[in-house]
Amino acid sequence: MTGQVRTVDGRVAGRRGQATRQKLLDCLGEMLSSSPYRDVKVIDVARKAGTSPATFYQYFPDVEGAVLEIAEEMAKEGAALTELVSGRSWVGKAGWQTSEELVEGFLDFWRKHDAILRVVDLGAAEGDKRFYKIRMKILNSVTNSLTDAVKELQAKGKVDKDVSPAAMAGSLVAMLASVAGHQKGFQTWGVKQAELKPNLALLVHLGITGKKPTR
């Protein structure tokens, strides 16, 4: 955690205070993995962290405020997803590798942050602009880079001019997010993780380049 950490009333938290605050966030994150978001109560988070509700309220206005803190940290990490695409080649075998690594990184990120992403999706679907902005911050990190990739391929005459770079990139990222959030569901269809990744990478490669990959 970097920078000054402040309490709800604006005081700068000391080292112990910062540790307590982080422990509360960690415990809340664990609880979101096993309990529905609406069922998580301040008293339960405080008890799990070995402190009191009064201490919780020193650092967060409510459970939602603490959830937003976790979500913001997760979104900062999500911004690094752009590195899976930015400046990468989409030509020949390198293009297939880019597709595979994008899919791998995207699915891994979603699995790692599954619990908080479910809450973010719920809040965004209910029209909460704070959660919507966090969701878009994550998706934009990939969408913008993919848009640039399509534009670059068009400039080289490798992709049809009729293709809308932003529409294609946005569609692919929306697909990736949907599949990433439904990974457990594929098992009920008899689809193994090892089968899902290459087929998803194939769709991404076809979408960006319009061609079958060279493997």
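This is a predicted model, so every value here is computed, not measured. FYI, side chains are in, hydrogens and waters are out, and symmetry mates aren't considered; it's all heavy atoms of this structure.
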Is there a donor-acceptor contact under 3.5 Å from the side chain of [X] to the main chain of [Y]?
| X | Y | answer |
| --- | --- | --- |
| D39 | S35 | no |
| T188 | K184 | no |
| D44 | V40 | no |
| D62 | G65 | yes |
| K161 | Q154 | yes |
| T82 | S141 | yes |
| D128 | A124 | no |
| T55 | T51 | no |

Step-by-step side chain to side chain contact (heavy atoms under 4.5 Å, CB included) determination, R47 to I43: CA-CA 6 Å; R47 186 180 294 128; I43 190 169; 3.7 Å; yes
Close aromatic pair by centroid cut-off 6.0 Å: H182 and W189: yes
To the nearest 0.5 Å, tell me how far [X] [atom1] sits from [Y] [atom2].
| X | Y | atom1 | atom2 | answer |
| --- | --- | --- | --- | --- |
| D160 | M168 | CG | CE | 10.0 Å |
| L153 | T209 | CG | OG1 | 7.5 Å |
| F56 | T20 | CZ | OG1 | 13.0 Å |
| L102 | L200 | CG | CG | 8.5 Å |
| S171 | L146 | OG | CG | 11.0 Å |
| D148 | S86 | CG | OG | 7.5 Å |

Cluster link [X] to [Y], ILVMFWY, side chain under 4.5 Å:
| X | Y | value |
| --- | --- | --- |
| V85 | L202 | no |
| L196 | W96 | no |
| V63 | M74 | yes |
| L206 | V173 | no |

Donor on one side chain, acceptor on other, D26 and Q22, under 3.5 Å: yes
Any donor-acceptor N or O pair under 3.5 Å, side chains Q97, E101: yes
Results of side chain to side chain donor-acceptor pair (under 3.5 Å) for K197 - residues two or more places apart only: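 Applying side chain to side chain donor-acceptor pair (under 3.5 Å) to K197 gives E104.
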Greater than 12 external heavy atoms within 6.0 Å of Y132's OH: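 It does not: Y132 OH has 12 such atoms or fewer within range.
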Atom CD of Q183 with >12 non-hydrogen neighbours under 6.0 angstrom: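 Yes, enclosed.
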Is any side-chain heavy atom of [X] closer than 4.5 Å to a side-chain heavy atom of [Y]?
| X | Y | answer |
| --- | --- | --- |
| I208 | S99 | no |
| I134 | E72 | yes |
| K212 | H205 | no |
| V67 | F60 | no |
| L107 | V103 | yes |
| F131 | E64 | yes |
| K158 | E152 | no |
| H113 | E77 | yes |

L28 and E69: CA distance, side-chain angles, deciding distance, side chain to side chain contact (heavy atoms under 4.5 Å, CB included) verdict: CA-CA 11 Å; L28 174 57; E69 288 279 348; over 6 Å; no
Atom of [X], atom of [Y] and distance for their closest heavy-atom approach:
| X | Y | answer |
| --- | --- | --- |
| T98 | S89 | OG1-O, 2.7 Å |
| A149 | W90 | CB-NE1, 3.5 Å |
| K93 | R215 | CE-O, 3.5 Å |
| A71 | V120 | CB-CG2, 3.9 Å |
| G105 | L84 | CA-CD1, 3.7 Å |
| I116 | L32 | CD1-CD1, 4.1 Å |

SB check D114 R118 (cutoff 4.0 Å): yes
Presence of salt bridge, R88 and E83, under 4.0 angstrom: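 No salt bridge links E83 with R88.
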Residue pair E73, K76: steps toward the salt bridge (charged side-chain N to carboxylate O under 4.0 Å, His left out) verdict: CA-CA 5 Å; E73 285 300 314; K76 289 177 185 175; 3.3 Å; yes
Q193 vs R111, side chain to side chain contact (heavy atoms under 4.5 Å, CB included): CA-CA, chis, key distance, verdict: CA-CA 12 Å; Q193 193 75 12; R111 271 198 305 275; 2.8 Å; yes
